[in-house]
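The analysis underlying the following values was restricted to heavy atoms, covering all of them including side chains, and did not include hydrogens, waters or symmetry mates.
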There are 2 protein chains.
Amino acid sequence: MSDSGTEADGEIAGLPARRHSLDRRMILEAGADFIETHGLRQLSMRRLGARLGVEGMSLYRHVPSRDDLLDGIVEVVLDDLYGDPEVYLEPKNGWQDYLLRLARGLRRVALARPQVFPLIATRPPQAPWIRPPLRSLRWIDSFFGALGAAGFRDDAAVAAYRAFSSFLLGHLLLEVAAKGADIAPVEMPEPQGQIPGGLEAYPHVRRLEQRLSEDRSAEEFEESLANLLNRIEALRD
Amino acid sequence: MSDSGTEADGEIAGLPARRHSLDRRMILEAGADFIETHGLRQLSMRRLGARLGVEGMSLYRHVPSRDDLLDGIVEVVLDDLYGDPEVYLEPKNGWQDYLLRLARGLRRVALARPQVFPLIATRPPQAPWIRPPLRSLRWIDSFFGALGAAGFRDDAAVAAYRAFSSFLLGHLLLEVAAKGADIAPVEMPEPQGQIPGGLEAYPHVRRLEQRLSEDRSAEEFEESLANLLNRIEALRD
DNA sequence: ACCTGAACACCGTTCAAGT
DNA sequence: ACCTGAACACCGTTCAAGT
């Protein structure tokens with residue numbers, strides 16, 4: 001993914017260059033930052049252009065449309081997984097270690113970009129059998145390679161892939177939403193609209209409100225993940 | 001939820017009335033239908049107005065903003081759960097039966113409105129501890145009532161609530177997405193962009209493509225749900 | 001009381017024109 | 001080769017005006 005190119009442009013890499021010399025990669029990176037800072041709602045071609053010191057119309061030289069821009073941002077953010085030293089494309093200590101590392105790596109991506117993650121979760125994938133958040137073919141292929149090498153038959157590997165992606169999507173989307181991140185890829189109204197009628201009519205919720213607000217997401221993630229690995233183990237051979 | 005009102009207006013209920021007499025409920029219903037038919041992308045105030053035989057600006061008499069319109073649509077669609085004879089607000093045959101019915105009812109809602117469900121899943125909830133897709137306080141309170149009556153301690157009930165919502169969100173969002181529904185609450189480009197480079201570089205995916213495209217979602221849902229109930233059982237007392 | 005028309009400040013996108 | 005300006009067909013939203 002991400003054919004960066006870098007083109008040996010003679011400039012300090014990773015810096016937004018002086019003035020001209022926009023490039024696709026830099027636009028996507030800026031877009032991801034923009035969403036993280038201001039929310040998807042605020043992202044317009046004109047505003048992103050402004051942030052890059054350029055008219056919005058100039059972006060079309062490098063990015064075919066706003067939709068493509070969003071897809072590109074998803075790709076770029078997911079690319080962090082390739083740079084994560086804790087996650088291996090090739091399993092090194094068995095399939096359980098491999099899945100554990102992959103799951104935790106995706107969680108780190110989600111938590112690093114809580115505003116962008118809903119986009120990772122909900123942008124329509126390139127094929128119907130690609131299941132977010134594992135949307136990169138290289139990782140999906142790596143997933144099946146790891147399970148195949150561990151002796152999983154094809155149907156078991158596919159079942160594992162589906163269970164794994166459902167688990168990640170549900171947990172990470174809700175965790176990121178609870179972080180106060182706007183879970184909606186669409187809009188972001190006020191921080192939190194209080195409950196209109198109050199909680200009088202809902203005694204259990206009222207009693208549990210405090211406890212419901214505690215953050216146990218890390219533990220819950222690990223527990224559910226361990227359970228998932230056990231279920232997957234049961235599918236093997 | 002949904003203070004319908006109906007107002008004894010002297011007209012055949014449920015029909016879009018002759019000309020005037022817009023009302024909030026009818027706008028929300030039309031909005032849900034519009035999204036289901038044309039996708040969220042296409043929904044604008046002006047177009048929804050046109051569909052109701054009115055200028056878009058007239059909708060503001062009944063709905064404060066487009067955001068509120070979307071929240072209202074989510075509410076109205078989720079209200080189908082109250083009309084579902086298979087789902088009980090009060091448990092009748094123990095907590096497992098109660099959860100099973102609730103989960104299946106939510107799945108029916110998702111499958112009945114695949115284009116709207118992503119909105120249910122991703123619109124920012126009214127409080128941070130409300131976890132989609134179970135976003136109605138009445139149902140959340142009912143959930144805790146059922147588990148409390150079954151002897152769950154508070155922390156166990158909260159853990160169950162979290163596991164239940166993560167499970168539903170992950171499964172249903174991915175199932176609805178695979179249905180060809182546009183999973184994104186934001187946009188809908190072409191039906192499916194084929195993989196750009198082809199599958200040559202991904203041998204496992206290539207081999208498994210057929211199998212990956214098979215729909216086993218109903219069985220997977222039931223299996224994962226059964227497993228979830230076992231995990232929840234283990235939290236009890 | 002409820003809907004309409006015109007208006008405002010934006011959008012995404014195209015394209016001829018500038019440098 | 002790359003960016004800009006003007007333009008087009010839209011948006012959401014407000015509000016005075018109509019009926």
Item to check | Closest non-hydrogen atom pair, A:Leu119 against A:Arg135 | outcome: O-NH1, 4.2 Å
Next on the checklist: Can you tell whether the side chains of B:Glu175 and B:Lys179 come within less than 4.0 Å, N to carboxylate O?
Outcome noted: no
Checklist entry - Quick one: is C:dC2 close enough that its OP1 or OP2 comes under 4.0 Å of any side-chain N or O from B:Ser58? => result no
Checklist entry - Mind pulling the stems DNA chain C is in, i.e. runs of at least three Watson-Crick or G-U pairs, everything under 3.5 Å? => result C:4-8 with D:12-16, C:12-16 with D:4-8
Checklist entry - Is it true that B:Asp141 and A:Arg207 have a side-chain N and a carboxylate O under 4.0 angstrom from each other? => result no
Checklist entry - Below 4.5 Å, heavy atoms only, C-beta onward: do B:Thr122 and B:Pro132 meet side chain to side chain? => result no
Checklist entry - Which whole-number value in Å describes the distance from A:Met26 CE to D:dC2 C1'? => result 14 Å
Checklist entry - What's the CD-P distance between B:Glu55 and C:dT4, to the nearest Å? => result 5 Å
Next on the checklist: In terms of relative ring orientation, are A:His171 and A:Phe221 parallel, tilted or perpendicular, with 30° and 60° separating the classes?
Outcome noted: perpendicular
Checklist outcome for this item: Whether each nucleotide of nucleotides 6-19 of chain C has a protein heavy atom under 4.0 Å at its base (B), only at its sugar-phosphate (S) or at neither (-) is summarised, 5' to 3', as BB---BBBB-----
Item to check | Pair B:Arg66 + B:Asp71, salt bridge at N-O below 4.0 Å | outcome: no
Checklist entry - Tell me: CG of B:Asp23 to P of C:dC2, nearest whole Å? => result 11 Å
Next on the checklist: Less than 4.0 angstrom from a charged side-chain N to a carboxylate O is my criterion; do B:Arg123 and B:Asp67 meet it?
Outcome noted: yes
Next on the checklist: Closer than 4.0 angstrom, basic N to acidic O: yes or no for A:Arg24 and A:Asp68?
Outcome noted: yes
